[in-house]
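Just so you know, these numbers use all the heavy atoms, side chains as well, and skip hydrogens, waters and symmetry mates.
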Amino acid sequence: MRVFKFGGASVKDADAVKNVVNVLQEVGYQDTLVVISAMGKTTNAMEKVVESYFNDKDEVNASIQEVIDYHHGILSDLFPNQNHPVYAKVKVLFEEVKGFLAWNKSPKYAFVYDQVVCYGELLSTTIVSAYLNEIGISNEWLDVRTLIKTDNTNRDAQVNWERTQQEVVSLVDVSKLNITQGFLGSDDNNFTTTLGREGSDYSAAILAYCLNAESVTIWKDVPGVLNADPRNFENAQLLDKISYREAIELAFYGASVIHPKTLQPLQRKEIPLKVKSFVNPRDKGTTVGKGNGIEPKVPCFIVKKNQVLLKLSSLDFSFIVEDNISEIFKLFHDHRLKVDLIQNSAISFSVCLDNKFRGLPPLLDELKRKFKVVCHEDVSLYTIRHFNDESVKTLQNGKSVLVEQRGKETVQLVVK
């Protein structure tokens, strides 16, 4: 069995959905499990619903209506007959969202987030599955929440591999074309959990691992894995092959084309990962698998924007050593801030953090009780793998560098 993953851009409108069909017809779809993300920017729109629920309840219905109108536009293009059963299925899904928001008593943002945002994937797969059946491509729609079982950590759930393996093996008919969702799982109480933003690639890898798949293919709007994001860097170059180790390094530093957790289960079973273009499905793309380094070996540029740089120093000029550092890292963990770069001296400690869970304000309150704190928000962390002098000079040009760190293969710059 093969596992395919299609992201939001590949199903953003009716023409894109029809192109998914073209891809499946071009490369074959027998014995295939297809993982699909929410359509277009639906996840952002569902996040807006959650924001409205907590901050401006008068706007909740209007926020939901935007999502309804967007999906009905796609439905009307794919299914001109508005009596088609898929319209009723989609209506039920939106009624479930409204029902949850009406009866929910939980004040926890992350819990509400998972119960609401998940409907983006449920909607997209319901529509795509119905369209495939409509044009004669028989498929089985699966609710991935019955397959991927997790703990109850909302927005960043940890997979229960033993239970997930059992459910996948018992519920997936590998002889069929199966359609399911990315990003989602469920806990022991069957509440929806999510695997972290952009977690659909990880979902594909989890399912591939459990099914002993022959390969995973991520279909994107780029020709494969590039040495830089063309939205941020000029003259990006296609990488033909990447080793698991190198791809994990790139993902760790924030390469957006591959989710950081995706490669670990694939590496354990040596399942190759292919990144290919849904525009030109016959093109070779990039293969991640066994081997060394990258081909061709060129500098790889990565940027993570909207980061936070903290510079901590002791109030009494005492050393910052193991006991201080362990306490600092516990605070990072408690407030769910991800550490991307560390640099320390005898009496100071600098760290670049990802504040995606909004834990910065309470963290600062606690840190200021024991340390002198300088906080730079909205900084960018640049990483160059396999750097050379020219690549570093090009990146530094015109930028204010707050922190620089070099290793044998990697240089990192925090810039304002």
(request) State which residues pass ring-ring contact (aromatic ring centres under 6.0 Å, His included) with Phe371; sequence neighbours excluded, sorted by chain then number. (result) none
(request) Write out all pairs satisfying ring-ring contact (aromatic ring centres under 6.0 Å, His included) with one or both partners inside residues 37-65, taking only residues at least two apart or from two chains. (result) Phe54-Tyr109
(request) Keeping to residues at least two apart or across chains, list the ring-ring contact (aromatic ring centres under 6.0 Å, His included) pairs with something in residues 262-305. (result) Phe233-Phe301
(request) Pick out which of Val225, Ile384, Leu239 makes a side-chain contact (heavy atoms from CB on, under 4.5 Å) with Cys300. (result) Leu239
(message) What I want to check is whether the side chains of Asp69 and Gln65 have a donor and an acceptor closer together than 3.5 Å.
(response) yes
(request) Examine the side chains of Arg385 and Thr410 and answer whether a donor and an acceptor come within less than 3.5 Å of each other. (result) yes
(message) Just checking Glu390: does its CD atom have more than 12 heavy atoms from other residues, nucleotides or ligands closer to it than 6.0 angstrom?
(response) no
(request) Spell out, as yes or no, whether a donor-acceptor pair under 3.5 Å connects the side chain of Ser129 to the backbone of Thr126. (result) no
(message) For a quick check under 3.5 Å, do Asn104 and Ser106 share a side-chain donor-acceptor pair by atom type?
(response) no
(request) Go through the side-chain N and O atoms of Glu51 and Asn55 and say whether any donor and acceptor fall under 3.5 Å apart. (result) yes
(request) Decide whether Asn388 and Ser391 meet the rule of one side-chain donor and one side-chain acceptor closer than 3.5 Å. (result) yes
(message) Assess the residue pair Lys261 and Asp156 against the criterion (salt bridge (charged side-chain N to carboxylate O under 4.0 Å, His left out)); give the C-alpha distance rounded to whole Å, side-chain angles, the decisive distance to 0.1 Å, and a yes or no.
(response) CA-CA 11 Å; Lys261 296 179 182 177; Asp156 194 20; 3.1 Å; yes
